[in-house]
Student: 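One structure, as structure tokens, below. Some questions next.
Naming: A, B, ... by sequence-line order, numbering from 1 per chain.
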Amino acid sequence: MSEITKLEDSKLSKKFFERETHKVCRDLLGKYLVFQNRDNFKIGRIVEVEAYQGFEDKASHASKKKTSRNEVMYGAGGYYYIYLIYGMYYCLNIVTEKESYPAAILIRAIEPTYDFTRDLDKMSVKEKRVLGSGPGRLCRWLDIDKSFNGVSVEGEGLYVTPNIVRTNVRTRSTESFSAEASKNNRCEIVTSKRVGVDYAGESANNEWRYYDVTSSYITKK
DNA sequence: GTGCGGATTAGCT
DNA sequence: GCTAATCCGCACG
């Protein structure tokens, strides 16, 4: 029998993110992003991410110089980097690696698995895709904005847990089980070029997008 | 101060 | 497939 734990107690620490970026990308797939505040409690399974890493990556905001916008990327791993794109959508990144090496992982798609204010069980895959498939959409669903920029992953409002999350929509309760105890959390990880970075010259050819090819919630095959 | 363009999305052809 | 929407960071002057 798997061990039931309080969800907050199983959240990933900064240490998890202070590692080599591509390794963290692979390890993040299949884990759960949790958003919670007084009025909301929402969970999604991470199924698609992209790495933006180092000084040579022309697709990365940190390829030029350190500015007030990208400075979080230069800091230690384990903090959120949020930016506004096209004047309309926020994008959620988690900074990786050690201090002064700029790197972050863009969360591109999550599969909604719980929402205190919605009955996800009654939604079609198509409807759920609109909530969590795409970096702009998932931030809109989770109410993530610039206020999370520079915030630690060890905070209360937004965190990642490796545990399987079981929810009961009727009673609005959740339980978490250790990932090792479950056989339902398999990922088939595939890499590709990153989306929307054609302007980045040679860097655009890097296959730094990682996704679970078995998921119906990825942005593209 | 001005101008450009983007780690996107929705809606239409 | 094409393009409008809509803001701000950043380079240049």
Side-chain angles (χ1 to χ4, degrees), chain A residues 17 20-26 28-29 33 35 42 44 46-75 77-97 101-112 123-151 153 158 160 189-212 215-221:
Chain A
F17 297 97
E20 199 279 317
T21 307
H22 300 285
K23 184 144 183 51
V24 180
C25 280
R26 291 178 179 279
L28 262 186
L29 294 175
L33 183 65
F35 173 92
K42 304 171 186 177
I46 299 170
V47 296
E48 179 179 333
V49 300
E50 281 176 357
Y52 290 83
Q53 177 237 43
F55 300 92
E56 307 301 317
D57 179 9
K58 293 289 181 286
S60 169
H61 292 163
S63 66
K64 292 172 185 170
K65 63 175 190 178
K66 191 172 169 180
T67 65
S68 59
R69 180 210 205 186
N70 65 22
E71 63 179 352
V72 181
M73 282 188 76
Y74 286 78
Y79 292 86
Y80 298 114
Y81 168 47
I82 316 287
Y83 63 89
L84 181 68
I85 189 68
Y86 298 108
M88 273 165 284
Y89 301 98
Y90 291 100
C91 288
L92 169 67
N93 298 253
I94 307 180
V95 177
T96 55
E97 313 260 357
Y101 183 80
I105 295 172
L106 172 67
I107 310 297
R108 285 193 54 85
I110 58 180
E111 172 182 346
M123 293 177 75
S124 65
V125 169
K126 189 179 172 186
E127 289 170 318
K128 282 197 271 193
R129 278 177 56 87
V130 174
L131 296 184
S133 185
R137 286 175 177 157
L138 72 90
C139 283
R140 187 179 58 188
W141 176 46
L142 298 180
D143 301 316
I144 292 168
D145 61 19
K146 207 81 192 286
S147 68
F148 281 98
N149 192 48
V151 170
V153 295
L158 186 65
V160 181
I189 300 176
V190 172
T191 65
S192 77
K193 292 180 181 178
R194 293 169 293 182
V195 178
V197 297
D198 292 342
Y199 59 86
E202 287 292 299
S203 297
N205 294 322
N206 293 334
E207 300 213 334
W208 288 359
R209 171 172 173 253
Y210 298 81
Y211 60 99
D212 177 0
S215 173
S216 302
Y217 297 85
I218 56 176
T219 60
K220 56 168 68 172
K221 285 282 182 184

Student: Would you kindly give the CG-to-P distance between A:L84 and B:dT9, to the nearest whole Å?
Tutor: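 In whole Å, B:dT9 P and A:L84 CG are 13 Å from each other.
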Student: Categorize A:R69 for me: base, sugar-phosphate, or nothing, with a 4.0 angstrom heavy-atom threshold over every strand shown.
Tutor: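 Sugar-phosphate contact only - A:R69 comes under 4.0 Å of backbone atoms but never of a base.
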Student: Within the structure, does a side-chain N or O atom of A:R140 lie under 4.0 Å from either OP1 or OP2 of B:dT8?
Tutor: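 No, because none of the side-chain N or O atoms of A:R140 sits under 4.0 Å from OP1 or OP2 of B:dT8.
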Student: Below 30° counts as parallel, above 60° as perpendicular, anything between as tilted: where do the rings of A:Y210 and A:H22 land?
Tutor: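 It falls in the tilted class, 30° to 60°.
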Student: Measure from CZ on A:R129 to P on B:dT9 and round the result to the nearest Å.
Tutor: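 The distance from CZ of A:R129 to P of B:dT9 comes to 11 Å, rounded to the nearest Å.
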Student: Rounded to the nearest angstrom, tell me the gap between atom CG in A:L106 and atom C1' in B:dG6.
Tutor: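 Distance check: A:L106 CG to B:dG6 C1' gives 13 Å.
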Student: Expressed as a whole number of angstroms, how long is the span from A:L138:CG to B:dT9:P?
Tutor: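 Between P of B:dT9 and CG of A:L138: 8 Å.
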Student: Looking at the side chain of A:K146, which of B:dT8, C:dA11, C:dG9 is the nearest nucleotide?
Tutor: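 Side chain of A:K146 sits closest to C:dG9.
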Student: Rounded to the nearest Å, what distance is computed from the OH atom of residue A:Y86 to the P atom of nucleotide B:dG6?
Tutor: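 Between P of B:dG6 and OH of A:Y86: 6 Å.
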Student: For A:D198 and C:dG1, what is the distance between atoms CG and P respectively, to the nearest whole Å?
Tutor: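 Value for this atom pair: 13 Å.
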Student: Once you round it to whole Å, what is the distance between C1' of B:dA10 and CZ of A:R137?
Tutor: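 Going from CZ in A:R137 over to C1' in B:dA10 covers 8 Å.
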Student: Is any side-chain N of the basic residue among A:E111 and A:K128 closer than 4.0 Å to the acidic one's carboxylate O?
Tutor: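 Here A:E111 does not pair with A:K128 in a salt bridge, since their nearest N and O are not under 4.0 Å apart.
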Student: Can you give me the closest heavy-atom contact between A:A51 and A:R194, atom names plus distance?
Tutor: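 The answer is O-NH1, 2.9 Å.
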Student: Any idea which of B:dG6, B:dA10, C:dC8 is nearest the A:I85 side chain?
Tutor: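 Closest nucleotide to the A:I85 side chain: B:dG6.
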Student: Is A:R209 touching bases, backbone alone, or none of the nucleic acid, heavy atoms closer than 4.0 Å?
Tutor: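 Counting heavy atoms under 4.0 Å across all strands, no contact is made by A:R209.
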Student: Please state the P separation for the pair B:dT2 and C:dT6 - nearest whole angstrom.
Tutor: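 So the two P atoms sit 22 Å from each other.
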Student: For B:dC12, give the paired nucleotide (Watson-Crick: N1-N3 plus N6-O4 or O6-N4; G-U: N1-O2 and O6-N3; both under 3.5 Å), or none.
Tutor: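 C:dG1 is the nucleotide pairing with B:dC12.
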Student: Should A:T67 be listed as having a side-chain N or O under 4.0 Å from OP1 or OP2 of C:dC10?
Tutor: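 So the side chain of A:T67 is within the cut-off, an N or O lying under 4.0 Å from OP1 or OP2 of C:dC10.
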Student: Centres of the A:Y81 and A:Y79 rings: under 6.0 Å?
Tutor: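 A:Y81 vs A:Y79: aromatic centres not under 6.0 Å.
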Student: Expressed in angstrom and rounded to an integer, what is the separation of A:I82 atom CD1 from C:dG9 atom C1'?
Tutor: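 After rounding, the gap between these two atoms is 16 Å.
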Student: Could you say whether A:M88 or A:S68 is positioned toward the 5' end of DNA chain C, judged by the nucleotide with the nearest heavy atom to each?
Tutor: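 Whichever sits nearer the 5' end wins; that is A:M88.
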Student: Taking side chain to side chain contact (heavy atoms under 4.5 Å, CB included) as the criterion, tell me which of A:V95, A:T96, A:V49, A:I94 meets it with A:T21.
Tutor: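 For A:T21, the side chain to side chain contact (heavy atoms under 4.5 Å, CB included) check succeeds only for A:T96.
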